Novice: 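The structure under discussion is supplied below as C-alpha cells; questions concerning it will follow.
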There are 2 protein chains.
Amino acid sequence: MSLSHALLNALLEYPGSGLELARRFDRSVGFFWPATHQQIYRELGRLEEAGLVKSTAQDGSRGRKKTYQVLPAGRQALETWVAQVDDPPALRDALLVRLRCEALLQNNSVANDLKHRLAQHQQQLADYRAIEQRDFADRPLNRAQTLRYLLLQSGLKHEANQAEFCKRALALIEVDS
Amino acid sequence: MSLSHALLNALLEYPGSGLELARRFDRSVGFFWPATHQQIYRELGRLEEAGLVKSTAQDGSRGRKKTYQVLPAGRQALETWVAQVDDPPALRDALLVRLRCEALLQNNSVANDLKHRLAQHQQQLADYRAIEQRDFADRPLNRAQTLRYLLLQSGLKHEANQAEFCKRALALIEVDS
DNA sequence: AGATCTTTTGCAACCAGTTGCAATTAGTTG
DNA sequence: CAACTAATTGCAACTGGTTGCAAAAGATCT
C-alpha cells in the first residue's frame, strides 16, 4: 500500500487535483513509485473514504475538478508509515531469465534485449548526468538537496552498472554468433 | 508472462514435478523471477493446456505426483520469447518514498527502514562473496561460467551500492536526531 | 485397521498494477 | 448556437503475484 503514501506525500507538498497530481507525480515521488492517473483517482477516492484526505469542488475550470488536501489524520498516517520497515523489492527481470535460457538454447538472440537495455540505460545515464550538472554542480547544498543528490548518485551508479553489465554480456555472447 | 518461460527454462534443464521445480526454482531461475509453488502449479496447468509441456503421472511416491517435460512446441515458444525485448522493470521502492516523506515531515524515523535495509544488503553481499569464493575464485571459467560470474558481479556491485547508499543516507538524516 | 503425519497438488479469494474506454463539463470554433 | 475539442474524472475488465487453506494419497505408528 505504498501508493497511498506516495500520494499523501505529494499532496502534503502541495494540495491539488487528481490530474495535477498525476502530472507532478512523474517528476517527483512517482519516480520511485510510478502510477497512472487511473490508479491515482482510485486511490484518492479510497483516501477520502478513509478520512485521510478531503476534496473540495473547484469551479472555474473544465470538468468537475476537485482539489484534494491532506487532513491531520492523513499526516499522522504518513508519519506512522514512514517509521515502518519493508523488505527490499524483489528482483524480477525478464532479461536475466533470458540470459539463463540462452545458456541452454545456444541461441544468441538475447542480444536483442541486451542491446535494447543497453541503449535505455545509456539514455537514462545521460539524463541523470544532465540533472546532476543542472542542479548539483559547483554549489553548496543544504540537507534536503544533499539527500536528493545522494539519490541521484545512487541512480547514476545503478545505470552505469547496468550498462556495463549489458556490454560485457554482449561481448560474451556475441563471440560465437 | 515471464513466469511461464522461467518454468520452461527450468524444465528444459531437467524435467520434474511441480514441487521439485518449486524447490529448484529458489536456487536457479527463481533468483531472477521468484515464484511460489501455487503460482508454479497454476502456470504448469496453463502450459500443459497450451500444449507446451506434457505431464505423466508418476507412481511410487506420495500424492498424485506428475512429472512435467517440455514439448517441442514449448522449446520453440521459449526460443521465440528469448528473442523478444522488454523494457527494464520499473523501479518501485517504498524506502525511497519514505526518504522523500522524511524531507517533509522532519521526522527521522526513516532510519528504521534504512537500518533494516542496510543489514539485508550487507548480508546479501556476504552471501554473494561466499559464492564468488566457492565457485569462481582462482580457476579458469568456460563461457557459461563466465556469464554466471558476470551476473554475480553485477549483483555484488548492486548490493554494495545499496549498502553504501543506506549508510550515507543514515549519516545524513541522523545528524539532527 | 484406523489415526495421523507428510508430501504433493491445487482451489479460491484477494490485492495491486495495467489497459481501454466512457462520461461529464468547459472552453473554442465555424 | 451547434459542433468540436480538451481537460478532468472515473468505471470495468484483465493480469499476475500473494495468502490461506484444503483435498488426495502414500507413509508411519499404535
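Every chain is numbered from 1, with letters handed out A, B, ... down the list of sequences. Quantities reported herein were computed from a predicted structural model and do not represent experimental measurements.
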Novice: Is the shortest side-chain N to carboxylate O distance from B/Arg98 to B/Glu102 below 4.0 Å?
Specialist: no
Novice: Considering only D/dG10, C/dG10, D/dT18, which nucleotide approaches the side chain of A/Tyr41 most closely?
Specialist: D/dG10
Novice: Grab the CG-P distance between B/Leu47 and D/dG16 for me, whole Å please.
Specialist: 12 Å
Novice: Does the distance from a Lys or Arg side-chain N to an Asp or Glu carboxylate O, for B/Glu164 and B/Arg168, drop under 4.0 Å?
Specialist: yes
Novice: Would A/Glu79 and A/Arg75 pass as an ion pair if we require N to O under 4.0 Å?
Specialist: yes
Novice: Over how many whole Å does the gap from A/Arg24 atom CZ to D/dT8 atom C1' extend?
Specialist: 16 Å
Novice: Could you state the CH2-P distance from B/Trp33 to D/dT15, rounded to the nearest angstrom?
Specialist: 16 Å
Novice: Quick one: ring pair (Phe, Tyr, Trp, His ring centres under 6.0 Å) partners of B/His158, sequence neighbours excluded?
Specialist: A/His158
Novice: For D/dG26, does OP1 or OP2 lie under 4.0 Å from any side-chain N or O of B/Lys65?
Specialist: no
Novice: OP1 or OP2 of D/dT18 less than 4.0 angstrom from a side-chain nitrogen or oxygen of B/Gln39, does that happen here?
Specialist: yes
Novice: Which of these nucleotides, D/dG16, C/dA16, C/dG17, is closest to any side-chain atom of A/Met1?
Specialist: C/dA16
Novice: Whole Å only: how far is the CG atom of A/Asp87 from the C1' atom of D/dG17?
Specialist: 16 Å
Novice: Would you mind telling me which residue lines up with the more 5' stretch of DNA chain D, A/Tyr68 or B/His37, judged by nearest nucleotide?
Specialist: A/Tyr68
Novice: Whole Å only: how far is the CG atom of A/Leu7 from the C1' atom of D/dT9?
Specialist: 15 Å
Novice: Heavy atoms from C-beta onward define the side chain here; which of D/dT8, D/dC11, D/dT19 lies closest to that of A/Arg23?
Specialist: D/dT8
Novice: Send over the distance from A/Glu20 CD to D/dT9 C1', rounded to a whole Å.
Specialist: 13 Å
Novice: CG of A/Leu91 versus P of D/dG17: gap in Å, rounded?
Specialist: 14 Å
Novice: Could you state the atom-to-atom distance from NZ of B/Lys66 to C1' of D/dA23 in whole Å?
Specialist: 14 Å
Novice: Any donor-acceptor pair, under 3.5 Å, between the side chain of A/Arg42 and the base of C/dT18, if you only look at N and O atoms?
Specialist: yes
Novice: Closest nucleotide of DNA chain C for A/Glu43 versus for B/Gly18: which of these residues is on the 5' side?
Specialist: B/Gly18
Novice: From C-beta outward on B/Arg92, which listed nucleotide comes closest to its side chain: C/dT8, C/dG17, D/dC21?
Specialist: C/dG17
Novice: Taking atom types as they are modelled, would you say the side chain of B/Gln38 forms a donor-acceptor pair with the base of C/dG10 within the 3.5 Å cutoff?
Specialist: yes
Novice: In terms of side-chain geometry, is the basic nitrogen of A/Glu132 or A/Arg129 positioned less than 4.0 Å from the acidic oxygen of its partner?
Specialist: no
